[in-house]
Amino acid sequence: DTGVSQDPRHKITKRGQNVTFRCDPISEHNRLYWYRQTLGQGPEFLTYFQNEAQLEKSRLLSDRFSAERPKGSFSTLEIQRTEQGDSAMYLCASSHSSAERMGLFFGSGTQLSVL
Amino acid sequence: AQSVTQLGSHVSVSEGALVLLRCNYSSSVPPYLFWYVQYPNQGLQLLLKYTSAATLVKGINGFEAEFKKSETSFHLTKPSAHMSDAAEYFCAVSDTPGNTGKLIFGQGTTLQVKP
């Protein structure tokens, strides 16, 4: 068990470019979450998957954002036509639906800077 | 809708002093409550959780929190602060029984520990 891993740790991009982040959850976890954290704020829920199904999306997730978890294992979060307001830490977390009372396990995040 | 308020964005204590970080929540149903800690450039680590069992919850690193329904509070305490406790602390609530991974976070409290 290597924990939740996210790649890359840091991403700098120019406004208008597309970016993609990857999250590898703990292997036996069937739920995977994406959160966004801006400076000085707590994380905000974006979306979550159970296995390969995306079960809920926040209103924060505009049409420029898309997330996938094609085989129920790793997940990707893509942002198209990035804007400066997208600059934030993107956190991934995982859990097992039968043990979610134990809390979420978070990765170290991907820090996105849009210039 | 549920919400979390953390009173005091910055708390400063001397090493060895009592740590008290305040959290109040609002929820329409009995909530699940969590405290997470975040060290610089890292993800969130679960400190402790309340999931309708004992109202006094003990967590890692000597932290504990007491659920007080009448006050809608879940304050975090530690009898004696260590330098290594300096970090950002987040209180979070979930009132979705089937999905306790969908969390509402407070804005966070930065704990400074002075030698």
Side-chain angles (χ1 to χ4, degrees), chain A residues 2-10 21 23-26 29-50 53-61 88-111 113, chain B residues 1-10 21 23-25 30-54 57 59-60 63 65 67 74 87-110:
Chain A
T2 58
V4 179
S5 62
Q6 293 188 244
D7 183 69
R9 289 294 307 275
H10 303 275
F21 312 139
C23 171
D24 287 87
I26 293 172
H29 285 180
N30 62 346
R31 284 188 176 174
L32 186 149
Y33 295 80
W34 286 98
Y35 282 80
R36 180 172 66 188
Q37 184 179 20
T38 54
L39 197 62
Q41 302 295 317
E44 296 173 296
F45 169 81
L46 292 179
T47 188
Y48 92 100
F49 294 83
Q50 179 155 319
Q54 188 174 18
L55 296 186
E56 187 171 349
K57 293 194 295 185
S58 164
R59 284 173 292 179
L60 294 174
L61 215 62
M89 173 78 83
Y90 289 84
L91 294 165
C92 177
S94 70
S95 68
H96 196 284
S97 51
S98 66
E100 208 156 60
R101 292 185 175 190
M102 305 305 293
L104 295 179
F105 292 80
F106 281 85
S108 297
T110 293
Q111 182 66 53
S113 297
Chain B
Q2 66 271 38
S3 65
V4 174
T5 301
Q6 291 185 238
L7 301 176
S9 58
H10 290 83
L21 304 182
C23 172
N24 288 88
Y25 69 91
Y32 297 149
L33 293 158
F34 304 84
W35 275 99
Y36 283 86
V37 60
Q38 186 176 34
Y39 297 99
N41 300 315
Q42 294 188 26
L44 282 74
Q45 180 183 6
L46 180 66
L47 276 178
L48 50 76
K49 59 191 179 293
Y50 167 76
T51 56
S52 74
V57 180
I60 62 171
F63 285 94
F67 171 68
F74 191 56
E88 185 87 12
Y89 291 81
F90 292 96
C91 181
V93 64
S94 171
D95 65 4
T96 310
N99 182 10
T100 52
K102 183 184 175 186
L103 300 175
I104 305 297
F105 284 86
Q107 292 191 315
T109 298
T110 301

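Small disclaimer: the values here were computed from a predicted structure and weren't measured. In what follows, every chain begins at residue 1, and chains take the letters A, B, ... in the order their sequences are listed.
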Return the minimal non-hydrogen interatomic distance between [X] and [Y], and the atom names on each side.
{"X": "A:P43", "Y": "B:L44", "answer": "CG-CD2, 4.0 Å"}
{"X": "A:Q37", "Y": "B:F90", "answer": "NE2-CZ, 3.3 Å"}
{"X": "A:L91", "Y": "B:G43", "answer": "CD2-CA, 4.3 Å"}

Side chain to side chain donor-acceptor pair (under 3.5 Å) filter on A:T110, not counting sequence neighbours, yields none
A:E44 versus chain B, the contacting section by heavy-atom distance below 4.5 Å: neither
Once rounded to the nearest 0.5 Å, what's the spacing between atom [atom1] of [X] and atom [atom2] of [Y]?
{"X": "B:K102", "Y": "A:L46", "atom1": "NZ", "atom2": "CG", "value": "11.5 Å"}
{"X": "B:I104", "Y": "A:F45", "atom1": "CD1", "atom2": "CZ", "value": "9.0 Å"}
{"X": "A:F106", "Y": "B:Q42", "atom1": "CZ", "atom2": "CD", "value": "13.5 Å"}

Could you walk me through whether A:Y35 and B:L103 satisfy the side-chain contact (heavy atoms from CB on, under 4.5 Å) test, starting with their C-alpha distance in whole Å, then the side-chain angles of each, then the deciding distance to 0.1 Å, before giving a yes or no? CA-CA 9 Å; A:Y35 282 80; B:L103 300 175; 3.6 Å; yes
Is B:Q38 in contact with chain A via its backbone, its side chain, both, or neither, using a 4.5 Å heavy-atom distance? side chain
Can you tell me if CG on A:L39 sees more than 12 non-hydrogen neighbours from other groups inside 6.0 Å? no
